[in-house]
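Each remark here refers to the structure printed beneath this line.
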Amino acid sequence: MANGQWYPPEWPDRIRALADGTLTPVTPRRAATVLLLGDTAAGPVVHMLRRRASMAFAGGAYAYPGGGVDPRDDDLHVRWAGPTRAWWADRLGVDESGAQAIVCAAVRETYEEAGVLLAGPDAGSVVGDTTGDDWEADRAALVARELSFAEFLDRRGLVLRSDLLGAWTRWITPEFEARRYDTWFFVAALPEGQRTRNASTEADRTVWIRPEEAAAGYDKGELLMMPPTIATLRQLLPYGTAAEALAAAPERDMTPVLARARLVDGEIVLSWPGHDEFTKHVPTTGAATAPRTGGGAA
């Protein structure tokens, strides 16, 4: 392995099936994930979790807290603070209901998987320690979908702090993948008084790591990651603090990144626009062997 890019072994067959018209793409599910940032003397660090090796998808790969939108995240009664839903709709490229659902998913999933809650009693405050038994009971109820996020906020007398999030990028799972997600990536700073913990049943390890350290581990083949993960880590490298990254978020391009596959000289060339390092060359015939990496845009 030249680096730590996680590559599903079934992709070559599925790419060929898409190319010859025997595979119908599934509709991607809306999702959100959060790059939770903290500051150290050595620079900013990001919270990452390692997916259990037993997971059917991306087992052993490092990722950020996140997951799919709960249909109830569209609930119009969600307590809200920060930029309006109309502002978020324009920023995320969706309607107002969809914007609320995506932002809610980002906040809810961060709480479900990392125990960090981007909410407060009012628009100018944020909750502190969220590790007590009563908090854990509510978190477990959210995970089990026994409690909607709107109900959780109402019960706690809290408002969602949308101003603590910065929309960073958007990636859509390739058309040939069986599990497809339209994922909005956000950045956020760890609120004062809160701390992360491994609250996810899908992860066997969590770390706070400097983006450059994680990227170096990927480049050496020591840390497995999917393309969006390593791409966003590299995008964090120019920033010296969490606040700098958050300040840069409003100017980030949110045009979706979607892999494309095309036939070139007897090979299927798989590429992610704007991310040449992920280009792959897949044989159009024969066994589904590991693809080779190719430089340059495809």
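Starting from 1, each residue takes its place in the sequence as its number.
- For the pair R180 (side chain) and P25 (backbone), a donor-acceptor distance under 3.5 Å is absent.
- Remark: the backbone N or O of R260 is not paired with any side-chain donor or acceptor of E175 at under 3.5 angstrom.
- R205 and Y62 share a side-chain donor-acceptor pair at under 3.5 Å.
- Within the 3.5 Å criterion, the main-chain N or O of A81 finds a donor-acceptor partner in the side chain of S162.
- Judged by the 6.0 Å and 45° rule, R161 forms no cation-pi pair with W80.
- Linking Ile, Leu, Val, Met, Phe, Trp and Tyr whenever their side-chain heavy atoms come within less than 4.5 Å leaves L258 and L92 in two separate clusters.
- The only option from T33, T110, T232 that meets the side chain to side chain donor-acceptor pair (under 3.5 Å) definition with Y64 turns out to be T232.
- Residue pairs satisfying the side chain to side chain donor-acceptor pair (under 3.5 Å) criterion with at least one member in residues 235-245, sequence neighbours excluded, are listed as follows: W168-Q235, Q235-R252.
- When side chains are defined from C-beta on, R179 does not count as touching T173, because their heavy atoms never get closer than 4.5 Å.
- Atoms CG and OG, on D74 and S148 in that order, are 11.5 Å from each other to the nearest 0.5 Å.
- Not one N or O on the side chain of Q100 forms a donor-acceptor pair closer than 3.5 Å with the backbone of V78.
- From L236, atom CG reaches atom CG of L37 across 6.0 Å, with rounding to the nearest 0.5 Å.
- M226 and I172 fall into different hydrophobic clusters, defined by Ile, Leu, Val, Met, Phe, Trp and Tyr side-chain heavy atoms under 4.5 Å apart, directly or through other members.
- Scanning both residues, V187 and A249, for their nearest heavy atoms gives CG2-CB, 4.2 Å.
- For the atom pair CG of L237 and CD of E212, the computed distance is 6.0 Å after rounding to the nearest 0.5 Å.
- Grouping the Ile, Leu, Val, Met, Phe, Trp and Tyr side chains by contacts below 4.5 angstrom, directly or via other members, places V94 with V34.
- Minimum heavy-atom separation, P44 to A242: CB-N, 4.2 Å.
- Partners of E96 by salt bridge (charged side-chain N to carboxylate O under 4.0 Å, His left out), not counting sequence neighbours: none found.
- With sequence neighbours excluded, no residue forms a salt bridge (charged side-chain N to carboxylate O under 4.0 Å, His left out) with R85.
- Residues meeting the side chain to side chain donor-acceptor pair (under 3.5 Å) test with D95, sequence neighbours left out: none.
- L153 and V159 fall into different hydrophobic clusters, defined by Ile, Leu, Val, Met, Phe, Trp and Tyr side-chain heavy atoms under 4.5 Å apart, directly or through other members.
- The distance from the CZ atom of R72 to the CZ atom of R145 is 7.0 Å, given to the nearest 0.5 Å.
- Shown here for L165 and A106, the closest heavy-atom pair between the two residues is CD1-CB, 4.2 Å.
- The side-chain heavy atoms of L117 and Q194, taken from C-beta on, include a pair separated by under 4.5 Å.
- Listed by chain and residue number, F152 satisfy the ring pair (Phe, Tyr, Trp, His ring centres under 6.0 Å) test with F149 (two or more places apart in sequence, or in another chain).
- Proximity of L36 to V46: side-chain heavy atoms (C-beta onward) are nowhere separated by under 4.5 Å.
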Derivation of the side chain to side chain contact (heavy atoms under 4.5 Å, CB included) call for R156 and V127
CA-CA 10 Å; R156 290 280 177 178; V127 296; over 6 Å; no
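- Judged by distance alone, the side chain of D73 and the main-chain N or O of D70 form a donor-acceptor pair under 3.5 Å.
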Would you please test M48 and T206 for side chain to side chain contact (heavy atoms under 4.5 Å, CB included) and show each step?
CA-CA 6 Å; M48 304 188 75; T206 62; over 6 Å; no
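- If you take CG on D182 and CD1 on I102, they are separated by 7.0 Å, rounding to the nearest 0.5 Å.
- Between Y218 and E213 there is no side-chain heavy-atom pair separated by less than 4.5 Å.
- One distance of note links CG of L190 with CZ of R195; it measures 10.5 Å at 0.5 Å rounding.
- The shortest distance between side-chain heavy atoms of F278 and L270 does not fall below 4.5 Å.
- The closest side-chain heavy-atom distance from Y111 to V116 is not below 4.5 Å.
- A salt bridge is absent between R155 and E151: the closest approach of a Lys/Arg side-chain nitrogen to an acidic carboxylate oxygen does not fall below 4.0 angstrom.
- The two residues A119 and V126 come nearest to each other via the heavy atoms O-CG2, 3.2 Å.
- Both W272 and I230 are members of a single hydrophobic cluster when ILVMFWY side chains are connected at heavy-atom separations under 4.5 Å.
- When side chains are defined from C-beta on, T255 does not count as touching R170, because their heavy atoms never get closer than 4.5 Å.
- Looking at residues two or more places apart in sequence or on another chain, you find no side chain to side chain donor-acceptor pair (under 3.5 Å) involving T40.
- Considering all non-hydrogen atoms of both residues, R30 and A101 come closest at NH1-CB, 3.8 Å.
- The shortest non-hydrogen separation linking A31 to Y181 is CB-CD2, 3.9 Å.
- A side-chain donor-acceptor contact under 3.5 Å links D122 and S125.
- Two residues are said to be in side-chain contact when any heavy atoms from C-beta on lie closer than 4.5 Å; P65 and H47 meet this criterion.
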